[in-house]
Amino acid sequence: MFQPRSDSRRQSVRDVLRETATLINRSGPIETTLDAVCSRLLKAAEASEVTLALADSQGCTVRYRRSRASFKACDDVVDDAIARAVLADGVPRLDLNRAYAPLRDDNKISGAVWMTSKRDVYDEDGLALCEAFAGYLSLALQKAALRERARHLEEQSITDGLTGVPNRRAFDAALEREWTRAIRAKKPIAIALLDIDSFKAYNDMYGHPAGDVCLQQIARACKASVVRATDCFARYGGEEFAVVIPDTEARCAAKIAERLRGAVEMLGLRHEAVPR
């Protein structure tokens with residue numbers, strides 16, 4: 001049975017719970033946090049294995065298992081009848097050497113965690129401990145989801161909706177960042193501006209939907225031609241694009257600009273309103 005039989009054992013469990021409460025507030029990969037929480041549950045409950053299952057659109061699959069030896073990602077369909085019952089109704093359960101508790105996202109059951117012991121038969125104390133760690137796991141997953149949503153929103157705010165390349169806001173931020181860095185390091189910086197010739201005439205002849213496709217094709221071709229991770233290619237506005245090229249002399253910047261021009265030329269976009 002799981003019973004903190006002594007004051008020292010009770011104190012040890014309390015210490016592990018405090019550690020767990022602290023670590024879920026750290027930012028970092030969610031897998032690292034889940035591993036840390038599950039490993040602490042192993043320690044606090046003197047378990048041999050902890051299993052974490054997360055609900056998805058296809059039902060529920062086992063996502064992680066933590067034994068005393070390792071933590072690994074899994075993709076097994078949950079075949080444990082008691083675990084399925086917990087996932088269905090959210091009621092914690094005991095089954096001899098296993099204790100089960102649900103994970104929650106607000107009022108929705110988002111998964112389940114259960115711990116297994118090879119030696120002991122868990123009692124209500126063991127179940128309470130499993131529920132406490134289920135709460136920590138639920139909170140860690142909710143925080144990870146919030147961070148991912150925030151990252152996605154931030155990414156949307158600096159991405160041009162039509163072409164998928166960084167927008168003017170991202171360009172301005174990159175220029176300010178690289179300009180400051182260039183001054184501090186006394187390094188050169190270059191900027192190339194690209195303006196599509198006769199784009200208004202293209203829209204007038206082929207229509208705005210075709211103009212949008214034209215912009216998308218040009219953006220993809222130019223982005224593929226910008227090979228350095230430090231360069232920022234962006235839609236500057238309308239039919240204009242720009243690229244920030246840090247740590248680059250004028251001669252090299254001119255070569256990059258010519259490479260972008262050549263990438264657009266290679267598209268072979270027809271424009272019958274403009275004589276060749």
Side-chain angles (χ1 to χ4, degrees), residues 26-31 143-276:
R26 300 172 188 165
S27 59
I30 183 59
E31 291 83 1
K143 289 185 174 185
L146 286 173
R147 286 196 296 269
E148 178 59 24
R149 283 196 288 270
R151 186 200 63 78
H152 181 65
L153 288 172
E154 173 63 19
E155 194 173 85
Q156 283 185 317
S157 74
I158 59 173
T159 302
D160 178 59
L162 176 64
T163 62
V165 300
N167 60 16
R168 174 68 179 272
R169 179 184 175 192
F171 173 84
D172 289 344
L175 178 57
E176 181 178 358
R177 181 178 64 251
E178 296 301 339
W179 187 272
T180 302
R181 184 177 295 159
I183 292 173
R184 185 171 59 246
K186 297 182 179 180
K187 297 281 189 178
I189 183 173
I191 300 168
L193 297 175
L194 297 82
D195 192 353
I196 302 174
D197 293 337
S198 306
F199 187 68
K200 183 180 183 303
Y202 189 94
N203 270 335
D204 291 342
M205 169 165 279
Y206 299 105
H208 287 279
D212 289 347
V213 173
C214 173
L215 289 171
Q216 290 167 342
Q217 290 178 302
I218 289 172
R220 280 196 297 269
C222 290
K223 185 178 180 181
S225 297
V226 176
V227 295
R228 297 196 314 177
T230 53
D231 299 342
C232 176
F233 175 78
R235 187 180 180 189
Y236 194 74
E239 69 272 26
E240 297 172 328
F241 295 89
V243 57
V244 179
I245 317 168
D247 197 13
T248 303
E249 300 284 354
R251 183 170 55 85
C252 293
K255 289 183 178 180
I256 292 172
E258 175 58 24
R259 187 168 71 234
L260 294 172
R261 190 206 62 78
V264 176
E265 184 178 35
M266 288 292 292
L267 291 172
L269 298 172
R270 294 185 60 190
H271 192 346
E272 294 178 358
V274 177
R276 290 184 176 274

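Quick note: numbers below take in every heavy atom, side chains included, and nothing from hydrogens, waters or symmetry partners. Note that the structure is a prediction, hence the values are computed from the model and not measured.
Taking the charged nitrogens against the carboxylate oxygens, R151 and E154 have no contact shorter than 4.0 Å, which rules out a salt bridge.
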(message) Pair L153, Q156 - check side-chain contact (heavy atoms from CB on, under 4.5 Å), show working.
(response) CA-CA 5 Å; L153 288 172; Q156 283 185 317; 3.7 Å; yes

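Around atom CD of E176, no more than 12 heavy atoms belonging to other residues, nucleotides or ligands sit under 6.0 Å away. Within a 6.0 Å radius of CZ in R251, other residues, nucleotides and ligands contribute 12 heavy atoms or fewer.
Side chain of N167 to main chain of S157: a donor-acceptor pair is present (N/O by atom type, distance under 3.5 Å, no hydrogens or angles). A donor-acceptor pair under 3.5 Å is absent between the side-chain atoms of R177 and the main chain of T180, judged by distance alone. A distance-only check finds a donor-acceptor pair linking the side chain of Q216 to the backbone of L162 [under 3.5 Å].
Expressed to the nearest 0.5 Å, how far CG of L215 lies from CD1 of I196 amounts to 4.5 Å.
For the pair R169 and D172, the minimum side-chain heavy-atom distance is 4.5 Å or more. Proximity of P246 to K187: side-chain heavy atoms (C-beta onward) are nowhere separated by under 4.5 Å. Between C214 and F199 there is a side-chain heavy-atom pair separated by less than 4.5 Å. Using a 4.5 Å cut-off on side-chain heavy atoms (C-beta onward), W179 and V244 make no contact.
Between T230 and E178, the shortest heavy-atom contact is O-OE2, 4.4 Å. Heavy-atom minimum distance, F171 versus A242: CE1-CB, 3.5 Å. For the residue pair R147 and G28, the shortest heavy atom distance occurs at NH2-O, 3.7 Å.
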